[in-house]
K.L.:
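Okay, here's the structure, questions in a sec.
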Amino acid sequence: MHDALRVIALTAGKGGVGKTTLAINLAVAYAKQNKKVLLFDADLGLANIDVLLGIRAKRNISHVLAGESSLAEVCITGPEGITIIPAASGVQKMAELNMHESRALIHAFSELAEQVDILIVDTAAGISSQVLSFANASQDIVVVVCNDPASIADSYALIKLLHQRFTTQRFGVVANKVNSMEEGQFVFNKLQKISEQFMSLNLHYLGCVPKDDYVSLAARHQRALLEEFPGATAAQAVLSLRTQITQWEQDDTSRGSIAFFLERFIQPNREASECAG
Ligand SMILES: Nc1ncnc2c1ncn2[C@@H]1O[C@H](COP(=O)(O)OP(=O)(O)O)[C@@H](O)[C@H]1O
Ligand SMILES: [Mg+2]
């Protein structure tokens with residue numbers, strides 16, 4: 001038996017803020033602590049996890065949904081031994097599974113999850129139903145935000161929607177690509193101020209990651225920053241981020257199972273399909 005599974009969803013109001021980069025390196029950071037990490041690529045953007053790491057996925061989640069592969073067959077081993085479930089068009093379909101498919105998926109995940117300590121989900125940017133489902137199913141929603149008005153506004157819109165639809169109270173915020181600690185705090189304060197003003201919501205500041213040229217250099221090498229340039233300031237910041245997330249107080253320990261994650265993930269869609277008759 002291991003400790004309860006922790007599910008961390010990385011989300012962002014808009015693309016390009018560094019969500020996938022942070023998801024990969026956070027996964028590697030946890031793996032460095034001998035945690036068994038599952039990294040689920042639920043973002044269908046251009047720079048998918050497999051692209052950033054130079055891994056070619058032959059199979060993906062759509063093969064699991066079609067009953068052609070087990071989840072284990074779809075998984076790829078990444079840096080530091082992390083397990084990656086690659087992105088696929090099937091991910092979009094995950095937000096609209098029928099009962100049979102849902103059960104098959106829960107079963108597939110349950111088998112895999114027995115050995116997993118941390119599940120990190122790289123969700124797509126924005127507020128699609130798929131993003132909302134993933135976020136709602138996760139214990140820890142980490143919003144990645146940059147110091148630009150669109151990123152802050154879109155992050156606020158995402159937080160607001162999750163709060164209104166699922167009464168989510170628990171949001172962690174990471175400021176990425178900042179030029180200073182002060183800038184990170186400034187971005188957080190802006191987001192916190194409007195969240196408090198309009199929703200009486202207290203966000204949790206997890207810290208910031210500096211703008212660092214080694215990030216794009218590692219990407220060009222198709223390697224995780226933490227492996228390629230472990231001494232880079234952004235790499236060090238990811239390690240502090242890991243510490244901050246670990247220390248982020250757990251207010252609901254009942255949520256630590258993969259079945260719980262998937263049931264929560266699938267639930268809103270069941271309701272939707274019931275409504276649709
Ligand atoms: N801390 C950082 N410093 C410098 N560049 C960064 C940093 N984080 C991300 N980037 C760069 O920003 C771009 C978008 O990153 P990515 O992780 O693909 O974002 P997203 O998944 O949010 O769309 C990439 O070119 C990446 O190398
Ligand atoms: Mg991405």
Side-chain angles (χ1 to χ4, degrees), residues 8-29 39-55 57 60-61 78-79 82 84-89 91-92 120-128 130-131 134-135 141-148 150-159 172-188 191 206-242 244:
I8 303 168
L10 275 93
T11 61
K14 68 187 271 287
V17 296
K19 188 170 46 61
T20 303
T21 302
L22 293 183
I24 291 171
N25 287 288
L26 205 52
V28 171
L39 177 58
F40 186 4
D41 190 349
D43 182 5
L44 292 166
L46 288 174
N48 292 327
I49 289 169
D50 49 344
V51 174
L52 276 180
L53 293 175
I55 312 170
N60 54 57
I61 201 92
I82 62 171
I84 299 165
I85 304 178
S89 52
V91 168
Q92 235 151 22
I120 295 177
V121 185
D122 180 13
T123 67
I127 46 182
S128 68
Q130 187 243 107
V131 172
F134 273 119
I141 300 173
V142 175
V143 180
V144 184
V145 61
C146 290
N147 188 17
D148 89 74
S151 173
I152 295 171
D154 294 348
S155 296
Y156 171 69
L158 176 64
I159 289 169
V173 176
V174 182
N176 189 26
K177 304 194 206 185
V178 297
N179 293 300
S180 65
M181 302 278 262
E182 290 72 26
E183 188 181 341
Q185 187 69 53
F186 169 82
V187 172
F188 173 76
L191 201 52
L206 292 162
C208 60
V209 176
K211 192 183 287 168
D212 186 343
D213 289 341
Y214 281 110
V215 173
S216 49
L217 196 56
R220 244 176 283 152
H221 295 181
Q222 294 193 300
R223 301 249 300 162
L225 175 74
L226 248 64
E227 282 214 317
E228 191 73 341
F229 304 112
T233 47
Q236 296 300 311
V238 171
L239 294 181
S240 328
L241 182 60
R242 177 194 63 192
Q244 289 305 314

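Both counts, for ligands and for their atoms, begin at 1 and track the order of listing.
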K.L.:
May I ask you to check whether G16 has an N/O atom sitting below 3.5 Å from an N/O atom of ligand 1?
P.N.:
yes
K.L.:
How far apart are the C-alpha atoms of I24 and T20, what are their side-chain angles, what is the distance that settles it, and do they pass the side-chain contact (heavy atoms from CB on, under 4.5 Å) test?
P.N.:
CA-CA 6 Å; I24 291 171; T20 303; 4.2 Å; yes
K.L.:
Looking at CG of L52 and CZ of R220, how far apart are the two atoms once the value is rounded to the nearest 0.5 Å?
P.N.:
12.5 Å
K.L.:
Could you work out, for atom 1 (N) of ligand 1, the closest of A218, P210, G18 by heavy-atom distance?
P.N.:
P210
K.L.:
With a cutoff of 4.0 Å, is A12 in contact with ligand 1, counting heavy atoms of the residue only?
P.N.:
no
K.L.:
Is ligand 1 under 4.0 Å from a heavy atom in the side chain of A125, in the backbone, in both, or in neither?
P.N.:
neither
K.L.:
With nothing but distance in play, are any N or O atoms of D212 less than 3.5 Å from an N or O of ligand 1?
P.N.:
yes
K.L.:
When you measure from atom 9 (C) of ligand 1 to each heavy atom in K211, R220, K177, K14, which option holds the nearest one?
P.N.:
K177
K.L.:
If you measure every N/O of T20 against every N/O of ligand 1, is any gap under 3.5 Å?
P.N.:
yes
K.L.:
Measure across K14 and A150 and return the closest heavy-atom pair with its distance rounded to 0.1 Å.
P.N.:
CD-C, 3.8 Å
K.L.:
Considering non-hydrogen atoms only, spot the tightest contact between E227 and V28 and give its length.
P.N.:
CG-CG1, 4.4 Å
K.L.:
Should one rank I49, T11, D213, T21 by closest heavy-atom distance to atom 16 (P) of ligand 1, which comes out on top?
P.N.:
T21
K.L.:
Hey, what do you get for CG (N25) to CG (L241), rounding to the nearest 0.5 Å?
P.N.:
10.0 Å
K.L.:
Which heavy atom of V187 sits nearest a heavy atom of C146, and at what distance?
P.N.:
CG1-O, 4.0 Å
K.L.:
Taking non-hydrogen atoms only, is N176 closer than 4.0 angstrom to ligand 1 via side chain, backbone, both or neither?
P.N.:
side chain
K.L.:
When rounded to the nearest 0.5 angstrom, what is the spacing between CD1 in I85 and CD1 in I120?
P.N.:
12.0 Å
K.L.:
Going by heavy atoms, is A234 under 4.0 Å from ligand 1?
P.N.:
no
K.L.:
If you measure every N or O of K19 against every N or O of ligand 1, does any of those distances drop under 3.5 Å?
P.N.:
yes
K.L.:
Quick one: which ligand 1 atoms are inside 4.0 Å of a heavy atom on V209?
P.N.:
1 (N)
K.L.:
Within a strict 4.5 Å, meaning less than it, do heavy atoms of the N147 and K177 side chains meet?
P.N.:
no
K.L.:
May I ask you to check whether T21 brings an N, O or S atom to under 2.8 Å from the Mg ion (ligand 2)?
P.N.:
no
K.L.:
So V145 and I152, do their side chains get closer than 4.5 Å, heavy atoms only?
P.N.:
yes
